[in-house]
Amino acid sequence: MSEQNPFLAKEGVQGGGDSAAAGRGVDAGRSIEWLKQGWRLFTNNPGVWIAITVILLVIFIILSFIPVIGQLAANFLMPVFAAGVLGGCRSLHDGGELRIDHLFAGFKQNTGSLILLGVFYLVGMVAIMAVIFVIGGGAAFSGAMMGRGPGVGMAIGGFFLAMLVGVALMVPLAMAMFFATPLVAFKGAAPLDAMKASFAACLRNILPLIVYGVIVFVASIVAMIPFGLGLLVLVPVLIGSMYTSYVEIFEQA
């Protein structure tokens, strides 16, 4: 029996960049349902999910020890690995199975576009860091020129301003990336088109995503308490919830 392609678009969902523009708004409470569905996907095969999470963590820990090249590779490859695991979510959702080799399925299809997503994300982060450095560094330099007293106040104020500006810029970048990977993997969207569609969809669903973000933030703190072991459950649940939200917003539009 032939193996089902986990990246095959569902009936009625066409590939190509134009299809990425689809998307619909949902109620704020749907974010809770996304997490519930993510939990259900996890409980379908928790052993394989945990194995995938451990392998992924080990890969990125190893890459972190490689100067420069490892850091670049980690950014470029994250969408590729994410696409593979999202393909595993599709397999589970369609009544199939999740396998460890789903983690590497992103290397078989749309790999170049997925890597480009990682490149664009890195470029965005570098630009944001540059803005933070200019604002914070400029304030620190001006403060040093003014001397103690008012200079210290200016330096501290500049530091907090730089952090606020950085957060304000990271939010739209995160919005552009949230649905970009499944759009590239499942619809074959061009990377920039996928990021634009993702940003638009997040903006349209800002309330459910705010609720989602608050819940995830609290869950992340709880997951870190027992030596971070809770991440072995939280990471798969979040991946499953991301897949569920993508399907509801883009494939049911």
Side-chain angles (χ1 to χ4, degrees), residues 2-26 30-31 33-35 37-38 40-41 52 56 75-99 101-124 172-206 208-209 212 236 238-253:
S2 62
E3 181 181 355
Q4 183 181 10
N5 185 348
F7 295 119
L8 185 64
K10 288 183 177 293
E11 183 179 356
V13 180
Q14 303 298 322
D18 292 341
S19 66
R24 68 188 186 101
V26 299
R30 295 302 300 168
S31 56
E33 185 61 29
W34 299 340
L35 291 165
Q37 292 297 325
R40 291 190 183 100
L41 289 174
I52 287 175
L56 192 59
N75 280 280
F76 297 163
L77 295 178
M78 176 56 80
V80 182
F81 288 122
V85 182
L86 288 169
C89 291
R90 167 145 292 179
S91 178
L92 285 173
H93 183 262
D94 293 343
E97 61 178 356
L98 175 69
R99 304 182 309 276
D101 63 353
H102 272 118
L103 179 60
F104 306 100
F107 290 95
K108 300 178 182 178
Q109 187 170 341
N110 297 319
T111 307
S113 294
L114 291 167
I115 291 176
L116 270 179
L117 278 181
V119 173
F120 291 145
Y121 175 74
L122 181 61
V123 169
L173 179 60
M175 292 168 64
M177 291 298 298
F178 192 79
F179 294 114
T181 296
L183 284 170
V184 170
F186 298 133
K187 290 193 173 186
L192 286 178
D193 289 338
M195 293 175 71
K196 291 175 184 178
S198 176
F199 179 82
C202 287
L203 193 61
R204 190 175 185 182
N205 291 280
I206 193 66
L209 287 173
Y212 179 86
L238 293 184
I239 294 173
S241 66
M242 179 186 297
Y243 171 77
T244 302
S245 62
Y246 158 77
V247 169
E248 182 169 8
I249 290 173
F250 285 96
E251 295 192 355
Q252 297 177 5

K.L.:
Could you measure the distance from the CG atom of L56 to the CE atom of M78? Nearest 0.5 Å is fine.
P.N.:
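Atom-to-atom, L56:CG and M78:CE are 5.5 Å apart.
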K.L.:
Indicate the atoms forming the closest heavy-atom contact of I239 with C89, along with that distance.
P.N.:
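Minimum heavy-atom separation between I239 and C89: CG2-SG, 3.9 Å.
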K.L.:
For the CZ atom on F178, are there more than 12 heavy atoms of other groups (residues, nucleotides or ligands in this structure) within a distance under 6.0 Å?
P.N.:
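For F178, atom CZ is crowded (more than 12 foreign heavy atoms under 6.0 Å).
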K.L.:
Could you check whether any side-chain N or O of R24 sits under 3.5 Å from a backbone N or O of E248, counting only pairs where one atom can act as donor and the other as acceptor?
P.N.:
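Yes, the answer is positive, given that a donor and an acceptor are paired below the 3.5 Å cut-off.
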K.L.:
Report yes if some heavy atom in the side chain of Y246 is under 4.5 Å from a heavy atom in the side chain of L183; otherwise report no.
P.N.:
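They are in contact (side-chain heavy atoms under 4.5 Å apart), so the answer is yes.
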K.L.:
Which residues pass the side-chain contact (heavy atoms from CB on, under 4.5 Å) test with L203, not counting sequence neighbours?
P.N.:
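Here the qualifying residues are M175, F199.
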K.L.:
Specify the closest pair of heavy atoms between F81 and L103, including all atoms of both residues, with the distance to one decimal.
P.N.:
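Taking F81 first and L103 second, the nearest heavy atoms are CD2-O, 3.4 Å.
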K.L.:
With no hydrogens and no angle check, is any side-chain donor or acceptor of N110 less than 3.5 Å from a backbone partner on G188?
P.N.:
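Side chain of N110 to backbone of G188, a donor-acceptor pair under 3.5 Å: no, none is there.
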K.L.:
Please tabulate, for the side chains in residues 111-118, all donor-acceptor contacts under 3.5 angstrom to protein atoms that are two or more places apart in sequence or on a different chain.
P.N.:
| unit_1 | atom_1 | unit_2 | atom_2 | d |
| --- | --- | --- | --- | --- |
| T111 | OG1 | G106 | O | 2.9 |
| T111 | OG1 | F107 | O | 3.2 |

K.L.:
Can a donor-acceptor pair be found, under 3.5 Å and without considering hydrogens, that links the side chain of S198 to the backbone of A194?
P.N.:
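Answer holds: no.
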K.L.:
Quick one: OG on S91 to CZ on R99, what's the gap to the nearest 0.5 Å?
P.N.:
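Output value for this atom pair is 6.0 Å.
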K.L.:
Could you give me the CA-CA distance, side-chain angles and deciding distance for F186 and E251, then say whether side-chain contact (heavy atoms from CB on, under 4.5 Å) is met?
P.N.:
CA-CA 10 Å; F186 298 133; E251 295 192 355; 4.3 Å; yes
K.L.:
Can you sort out the partners of E33 under side-chain contact (heavy atoms from CB on, under 4.5 Å), two or more places apart, ordered by chain and number?
P.N.:
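Partners of E33 under the side-chain contact (heavy atoms from CB on, under 4.5 Å) test: R30, K36, Q37, R40.
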K.L.:
To the nearest 0.5 Å, how far apart are CE in M195 and OG1 in T181?
P.N.:
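One finds 9.5 Å between CE of M195 and OG1 of T181.
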K.L.:
Considering only heavy atoms from C-beta outward, does the side chain of K187 approach that of F250 to under 4.5 Å?
P.N.:
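Yes, at least one pair of side-chain atoms sits under 4.5 Å.
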K.L.:
Applying side-chain contact (heavy atoms from CB on, under 4.5 Å), run through V247 and R90 and close with a yes or a no.
P.N.:
CA-CA 9 Å; V247 169; R90 167 145 292 179; 4.1 Å; yes
K.L.:
Out of curiosity, L98 CG to I52 CD1, how far, rounded to the nearest 0.5 Å?
P.N.:
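That separation rounds to 4.0 Å.
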K.L.:
Side chains of S245 and S241, heavy atoms from C-beta outward: is any pair under 4.5 Å?
P.N.:
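S245 vs S241: side chains apart.
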K.L.:
Mind checking what makes side-chain contact (heavy atoms from CB on, under 4.5 Å) contact with S31, not counting sequence neighbours?
P.N.:
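S31 satisfies side-chain contact (heavy atoms from CB on, under 4.5 Å) with W34, P208, V211, Y212 only.
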K.L.:
Taking side chain as C-beta onward, heavy atoms only, is L92 less than 4.5 Å from Y243?
P.N.:
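Contact flag for L92/Y243 side chains = no.
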